[in-house]
Amino acid sequence: MGLSKEELAERLLGRGFSELLGLELEAVGPGWCQLRLPYNATLSRGDELIHGGVIATLIDCAGTAAAWSYEDIGPNARGATIGLTVNYLQGANSCDLIAIGKVARRGGTITVIDVEVMTAHEELIAKGPVTYKLSK
């Protein structure tokens, strides 16, 4: 059962704010995912730096995708982020960003995911845990 990579990308990234940002699901497996945010000058603060809110959104979306990555989650499941912390480690200047989300603990309905955001050159930009509630 479960959602295919394409179904997961469409459900979580192919509409609304995620679609507006241009997020791409590069890889997914049980308990993890990798998203890419291609650089777009409109996502900056008005200079070369990517806006912190965009980075927070990327962390949220990577956490969500990792929470949904399991085979036992059906098409009628519902979920929402219930906690999110962002630690900004350095600025991201005019570059694509990659977020990797890995499930730290999966309970009955609550999943905690650790997310790291980095440049394509593996410079760590930000990290943070996402707490997600998912009703199967």
Side-chain angles (χ1 to χ4, degrees):
M1 200 171 176
L3 300 173
S4 70
K5 178 183 172 188
E6 294 75 21
E7 291 169 328
L8 186 62
E10 175 60 28
R11 181 164 188 165
L12 302 178
L13 307 176
R15 57 182 92 162
F17 191 52
S18 298
E19 182 181 28
L20 179 68
L21 293 177
L23 295 176
E24 301 169 358
L25 180 62
E26 290 193 319
V28 64
W32 70 275
C33 74
Q34 179 172 315
L35 300 182
R36 176 176 293 269
L37 175 63
Y39 176 71
N40 180 332
T42 62
L43 303 179
S44 76
R45 307 179 315 167
D47 55 13
E48 291 91 26
L49 289 174
I50 296 171
H51 193 282
V54 172
I55 294 170
T57 299
L58 179 57
I59 289 174
D60 184 25
C61 290
T64 298
W68 280 79
S69 66
Y70 293 94
E71 289 287 323
D72 62 344
I73 298 172
N76 297 322
R78 300 266 185 234
T81 299
I82 58 173
L84 169 70
T85 300
V86 180
N87 293 305
Y88 299 98
L89 305 175
Q90 66 175 315
N93 287 319
S94 305
C95 61
D96 288 6
L97 293 178
I98 297 165
I100 298 174
K102 295 179 182 175
V103 171
R105 184 173 193 296
R106 183 179 188 222
T109 58
I110 304 296
T111 302
V112 177
I113 308 98
D114 291 322
V115 180
E116 291 188 342
V117 176
M118 63 198 75
T119 68
H121 301 292
E122 298 185 0
E123 295 174 275
L124 192 58
I125 301 298
K127 60 190 306 183
V130 175
T131 305
Y132 196 83
K133 182 174 182 174
L134 183 62
S135 302
K136 300 175 201 165

>> If we ignore hydrogens and angles and just use 3.5 Å, is the side chain of D96 paired with the main-chain N or O of Y39 as donor and acceptor?
In response: yes
>> Are L89 and I125 connected into the same hydrophobic cluster when the rule is that any two of I, L, V, M, F, W, Y join if their side-chain heavy atoms are below 4.5 Å apart?
In response: no
> Which heavy atom in L84 sits nearest to a heavy atom in A56, and how many Å separate them?
Replying inline: CD2-O, 4.1 Å
> When rounded to the nearest 0.5 angstrom, what is the spacing between CG in D60 and OH in Y132?
Replying inline: 8.0 Å
> Which heavy-atom pair separates L25 from K5 by the least distance, and what is that distance?
Replying inline: O-CE, 3.2 Å
> Would I50 and M118 show up in the same hydrophobic cluster when neighbours are defined by side-chain heavy atoms closer than 4.5 Å?
Replying inline: no
> Would you say V112 and L35 are hydrophobically clustered, going by side-chain heavy atoms of ILVMFWY under 4.5 Å?
Replying inline: no
> Where do I113 and G63 come nearest, in terms of heavy atoms and distance?
Replying inline: CD1-O, 3.4 Å
> Hey, does L43 have a side-chain heavy atom less than 4.5 Å from the side chain of L37?
Replying inline: yes
>> I need the W68 CH2 to T111 OG1 distance, nearest 0.5 Å.
In response: 11.0 Å
> Between the side chain of S44 and the main-chain N/O of G46, is any donor-acceptor distance below 3.5 Å?
Replying inline: yes
> With hydrophobic residues grouped by side-chain heavy-atom distances under 4.5 Å, do I59 and W32 end up in a single group?
Replying inline: no
>> Restricting to non-hydrogen atoms, name the atom on A67 and the atom on I73 that form the minimum distance, rounded to 0.1 Å.
In response: O-CD1, 3.3 Å
> If you measure from CD on E24 to CD on Q34, what distance do you get to the nearest 0.5 Å?
Replying inline: 11.0 Å
> Atom NZ in K127, atom CG in N87: separation rounded to 0.5 Å?
Replying inline: 8.0 Å
> Which atom pair, heavy atoms only, marks the closest approach of A99 to A62?
Replying inline: CB-CB, 3.8 Å
>> A side-chain contact here means heavy atoms from C-beta on lying under 4.5 Å apart; do I82 and I110 qualify?
In response: yes
> How many angstroms lie between CG in D47 and CG in N93, if you round to the nearest 0.5 Å?
Replying inline: 8.0 Å
> Does H121 reach the main-chain N or O of E123 with its side chain, forming a donor-acceptor pair under 3.5 Å?
Replying inline: no
> Between A65 and C33, what is the shortest heavy-atom contact and its length?
Replying inline: CB-SG, 3.6 Å
>> How long is the straight-line distance from CG of N76 back to OG of S135, given to the nearest 0.5 Å?
In response: 12.0 Å
>> Hydrophobic clusters here meaning ILVMFWY residues chained together by side-chain heavy-atom distances under 4.5 Å, can you tell me if L97 and L20 are in one?
In response: yes
